[in-house]
Every structure is written in C-alpha cells, then in structure tokens.
Enquirer: 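The following block contains the structure, expressed as structure tokens.
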Amino acid sequence: MPNCRPIRLFLSKKMSVAKLDKKISRNRKKLGRCPEGHPGRAVALFNLADCLHDRYRLKGEIVDIDEAISLHRLALDLRPQGHSNRSDSFFQLARCLDGWYDKQATFPDLQESIMLYRAALELYPSDHHNLAFAFSNLGVNLLWRYWKLGVIRDLEEAISLHRLALDLRPPGLSNRSDSLINLAVDLRARYDKQATLADLEEAITLGRAALDLRSLGHPDRGFTLNNLGSNLRRRYRKLGGIGDLEEAISLHRSALDLRPPGLSNRSDSLINLAVDLRARYDKQATLADLEEAITLGRAALDLRSLGHPDRGFTLNNLGSDLRRRYRKLGGIGDLEEAVSLEQSALDLCPPGHPHSNT
C-alpha cells in the first residue's frame, strides 16, 4: 500500500466518552420504548447507531462499530424507497462501513460503502449539508479500490469527486485542508501511474496550501509535511532541481520531530528522511548523509517487525544503503549484512509476489 493516506471527512461532534456513554444509555431506553411496528422505531435505531459510531471513533472498540452497522441496517429497512430520511441511512451506514474497512480492510465492506454513498448522492439535493462529506468519502473509497484493483477509472472518478468537495469548501471553511490533501494524494497516484508532470505540480501546490492551513499543533501537520516532502522528492527525481531535494529533507525532518518514539507513523518519517539523504548522497557523495540514512533505516526496521506490510521494502532500503557504504569504504561487514538483509526481503516475496523478480 502506498505510503500516504487519504482523509475521510467527518461531521464535527465534540463530545467526551462519558457524555457519549450517557447518551447511548438514553437512546437504548428510547429504543426499548419503540418495539417493532412503532412509528418512532427507525429514528430510535438511527440515533443509537449514530452514537455508537461516534464512540467507536473515540475509543476504537469493534463492538461499537459492529452494533452500529447492524442498527443502521435495521433503520434502513424501515425507510423504503421514497422515505424522506432514506438518504441519511445510506450515508450513515456507509460511514460505519468505512470505519469497519479502516480497521479490518474487508473488501466487501468497501464495495458496499461505495454503493451506499452513490445511493445517497442520487437522493441529495444540490444544497444538502452532507454533500461535501459524501463526495469526499466516496472519493476516498474509490482511491482505496484503485490501490486494491488498479482500475484507472476509479482514480479518475476520485479526482473528480475530490475537486467537487474542494469547490464546496472555499477558503475559510473547515475541512478545506482535508479536501486539499485528498486531491493531492489522488494526483500523486495518477502521476505515479502516468508520469504527467502537471499532476505532480498541482499536488505540490495543493500540499503547500494544506500545510499553510495546518499550523504547528494541528493533528495532521506531520502527515502533511511528509506528503509534501515526498512529492518534492518525486519532482527532484523528474527534474533534478536540488532545491526540491533540500526542501524535502527539511520537511521530512520536521515531520519526524512531530513523531517521537512511540507515535504511530514514526517509521514512515524515518524511511522518508533516509530515502532523501540517500538521494543527496548519490548526488553529492557526502558520507555523513549515507551514515545518517543507515542509522534511520535501522531505526525504521526496528519498528517494522515481521508481519509489517512494509518490512520487505525497509530491509531492501537498508541493504542498498549498506552496499553504498561498502563501495565507498570497503568494509566487508557492510556487504555481508546487505546480502543478509536483501535475502530476508526476498524471503518475504516468494515467486509470484508482485515485488518478486521471479
């Protein structure tokens, strides 16, 4: 999976777990007063499911999202074609399936969520308050499916949807930075597929705009720094401008500073900075860059134990850097370690694996 992620948009609901627990308890009691056939049962099911989904987003407990999905399915069954709230049930069930997919990566849930967002959008008027959220989240899911299946049509549609979402979030509106980043991620994916420089240039412009909106303290600033740095490194590889590489190094250092030991995604920042420094070493032959790249690569490998999806890449990356140092200094230990690491990487890619040469 690519070392970047699109961002799902959520309706802003700031509530503590304690308050949510009380709200869930109240909604369970309301549902208990609405047996089958009661005119308020669909609303009671919907409201309880909505609260459970909110708690799942705060606590991450599978039992909450599992129950929320079941309850939203029941509510949808009570809102047949023509019902005024049918689109809301489509939308909220899709959001819950997104949460399940993000946790379990179950492809049928992704497929169903795409279908549900499409169904909701067919029913939404042009001024519906959830329109930008639906455009954005459907685009995210289509991008995930593109990464899964490689169908370019999904990527093209994701780009179109994220442009629509961005149009609905002009400067000054909340979540604009998320829409900027989502479109940037789409365009990077298309650049990686088609090598059209205009896509990369636009992704960089969007990334800079998103970074301007995500000042120090923003929870996604580290990701935004990483994303922009990676795009600048791509442009360096394409055009050779050393300024792009220097800026990528600076951005990736800043991202690493925001991800101290113990934080998720630290290994991504370690690897990104290591790859930058290797590129500068290949250009300028400054040994200090290669030494630091090796140190960073070892730290990343420590964080990517057996079973990590990017362990093979990390083994290969460190092995390549050790080979460079062997060529520079002649230490046989570096060559022997490089061979060992590369053999371990090969063991993770048996014949038939997409990253295997056999």
Side-chain angles (χ1 to χ4, degrees), residues 1-13 49-50 52-54 56-57 60 62 64-66 68-70 72-73 75-76 86-124 128-169 175-193 199 203 206 210 220 223 227 309:
M1 185 63 63
N3 182 18
C4 58
R5 58 174 175 82
I7 298 170
R8 301 193 192 281
L9 298 190
F10 296 103
L11 297 169
S12 179
K13 295 180 182 179
D50 206 30
L52 288 164
H53 179 242
D54 289 341
Y56 168 75
R57 286 179 52 212
I62 285 292
D64 282 341
I65 195 67
D66 191 28
I69 289 170
S70 297
H72 273 310
R73 290 195 191 283
L76 180 59
R86 185 168 171 82
S87 62
D88 292 338
S89 284
F90 282 142
F91 178 77
Q92 296 297 349
L93 177 55
R95 290 178 66 229
C96 288
L97 290 168
D98 290 346
W100 188 264
Y101 179 77
D102 291 344
K103 192 81 168 180
Q104 304 287 341
T106 47
F107 189 64
D109 290 325
L110 181 65
Q111 294 280 65
E112 185 180 2
S113 180
I114 288 170
M115 180 192 71
L116 290 164
Y117 280 127
R118 291 196 194 283
L121 283 168
E122 286 178 3
L123 296 175
Y124 282 165
H128 194 280
H129 63 280
N130 281 342
L131 199 60
F133 293 94
F135 282 148
S136 183
N137 290 351
L138 176 56
V140 166
N141 287 348
L142 288 165
L143 180 60
W144 282 119
R145 192 168 72 179
Y146 165 74
W147 280 333
K148 186 83 171 175
L149 302 179
V151 178
I152 194 67
R153 183 176 64 253
D154 283 340
L155 179 56
E156 297 291 353
E157 187 179 358
I159 291 170
S160 296
L161 288 164
H162 284 145
R163 289 196 190 283
L164 290 170
L166 183 59
D167 289 343
L168 292 173
R169 301 202 175 275
N175 289 322
R176 179 170 172 81
S177 67
D178 294 342
S179 290
L180 290 163
I181 281 293
N182 281 338
L183 183 53
V185 171
D186 295 341
L187 291 166
R188 178 208 289 191
R190 189 165 69 179
Y191 172 78
D192 289 344
K193 180 73 172 178
D199 284 338
L206 293 164
D220 288 318
F223 166 72
N227 187 71

Enquirer: Start with the C-alpha gap between Leu76 and Leu93, add the side-chain angles, then the distance that decides, and say whether side chain to side chain contact (heavy atoms under 4.5 Å, CB included) holds.
Expert: CA-CA 8 Å; Leu76 180 59; Leu93 177 55; 4.2 Å; yes
Enquirer: So how far is it from Leu180 CG to Asn175 CG, rounded to the nearest 0.5 Å?
Expert: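 It comes to 11.0 Å.
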Enquirer: Among residues at least two apart in sequence or on other chains, which ones pass side chain to side chain donor-acceptor pair (under 3.5 Å) with Asp192?
Expert: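 Here the qualifying residues are Arg234.
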Enquirer: Taking all atoms of both residues into account, what is the closest heavy-atom pair of Cys96 and His72, and its distance?
Expert: SG-CD2, 3.6 Å
Enquirer: Nearest 0.5 Å, what's the CG-CG distance between Leu138 and Leu116?
Expert: 10.5 Å
Enquirer: Are any of the side-chain heavy atoms of Ile181 and Asp178 separated by less than 4.5 Å?
Expert: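 They are not in contact (no side-chain heavy atoms under 4.5 Å apart), so the answer is no.
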Enquirer: Distance from Arg95 atom CZ to Asp50 atom CG, nearest 0.5 Å?
Expert: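 One finds 6.5 Å between CZ of Arg95 and CG of Asp50.
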Enquirer: For side chain to side chain donor-acceptor pair (under 3.5 Å), just list the numbers for Asn141 and Tyr117, CA-CA rounded to whole Å, side-chain angles, deciding distance to a tenth of an Å, and then say yes or no.
Expert: CA-CA 10 Å; Asn141 287 348; Tyr117 280 127; 5.2 Å; no
Enquirer: Restricting to side-chain contact (heavy atoms from CB on, under 4.5 Å), what partner residues turn up for Leu168, sequence neighbours left out?
Expert: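 Only Leu131, Ala132, Phe135 meet the side-chain contact (heavy atoms from CB on, under 4.5 Å) criterion with Leu168.
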Enquirer: Hey, what do you get for CG (Asn137) to CG (Asn130), rounding to the nearest 0.5 Å?
Expert: 9.5 Å
Enquirer: Taking all heavy atoms of Arg176 and all of Arg169, pick out the closest pair and write down the distance.
Expert: NH1-O, 2.7 Å
Enquirer: Going by the angle between their ring planes, with limits at 30° and 60°, are Trp144 and Trp147 parallel, tilted or perpendicular?
Expert: perpendicular
Enquirer: In the structure I gave you, are the side-chain heavy atoms of Ile65 and Lys103 within less than 4.5 Å of one another anywhere?
Expert: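 Not touching, per the 4.5 Å side-chain cut-off.
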Enquirer: Evaluate the criterion side chain to side chain contact (heavy atoms under 4.5 Å, CB included) for residue pair Tyr146 and Lys193; output intermediate values, then yes/no.
Expert: CA-CA 11 Å; Tyr146 165 74; Lys193 180 73 172 178; 3.6 Å; yes
Enquirer: Show the nearest heavy-atom pair for residues Ala120 and Ser87, with the distance to one decimal.
Expert: CB-O, 3.9 Å
Enquirer: When you measure from the side chain of Ser113 to the backbone of Ala94, do you find a donor-acceptor pair of N or O atoms at a distance under 3.5 Å?
Expert: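 Yes: the side chain of Ser113 pairs with the backbone of Ala94.
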Enquirer: Please check: side-chain N/O of His53 versus main-chain N/O of Ala68, any donor-acceptor pairing under 3.5 Å?
Expert: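 No: the side chain of His53 does not pair with the backbone of Ala68.
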Enquirer: Looking at Tyr101 and Thr106, what are the two nearest heavy atoms and their distance?
Expert: CD1-O, 3.2 Å
Enquirer: In terms of side-chain geometry, is the basic nitrogen of Glu122 or Arg86 positioned less than 4.0 Å from the acidic oxygen of its partner?
Expert: no
Enquirer: Check this for me, if you would: do Glu112 and Arg73 make a salt bridge, where the nitrogen-to-carboxylate-oxygen distance has to be below 4.0 angstrom?
Expert: yes
Enquirer: Would you check if Lys148 and Leu110 make a side-chain contact, meaning some heavy-atom pair closer than 4.5 Å?
Expert: no
Enquirer: Can you tell me how far the CG atom of Asp109 sits from the CD1 atom of Ile69, to the nearest 0.5 Å?
Expert: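 Answer rounded to 0.5 Å: 6.0 Å.
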Enquirer: Applying side chain to side chain donor-acceptor pair (under 3.5 Å), run through Ser179 and Asn182 and close with a yes or a no.
Expert: CA-CA 5 Å; Ser179 290; Asn182 281 338; 5.5 Å; no
Enquirer: Donor-acceptor pair, distance only, cut-off 3.5 Å: does the side chain of Tyr56 make one with the backbone of Gly99?
Expert: yes
Enquirer: Give the C-alpha distance, both sets of side-chain angles, the deciding distance and a yes or no for side chain to side chain contact (heavy atoms under 4.5 Å, CB included) between Ile114 and Arg145.
Expert: CA-CA 9 Å; Ile114 288 170; Arg145 192 168 72 179; 3.8 Å; yes
Enquirer: Using the ring of each side chain (for Trp, its six-membered ring), is Tyr124 parallel, tilted or perpendicular to Phe91, with breaks at 30° and 60°?
Expert: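 Rings of Tyr124 and Phe91: tilted, 30 to 60°.
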Enquirer: CG of Leu149 to CG of Leu155: how many Å apart, nearest 0.5 Å?
Expert: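 Going from the CG atom of Leu149 to the CG atom of Leu155 covers 12.5 Å.
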Enquirer: Verify, without hydrogens or angle tests, whether Arg188 (side chain) and Asn227 (backbone) share a donor-acceptor contact under 3.5 angstrom.
Expert: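 Yes; at least one donor-acceptor contact below 3.5 Å.
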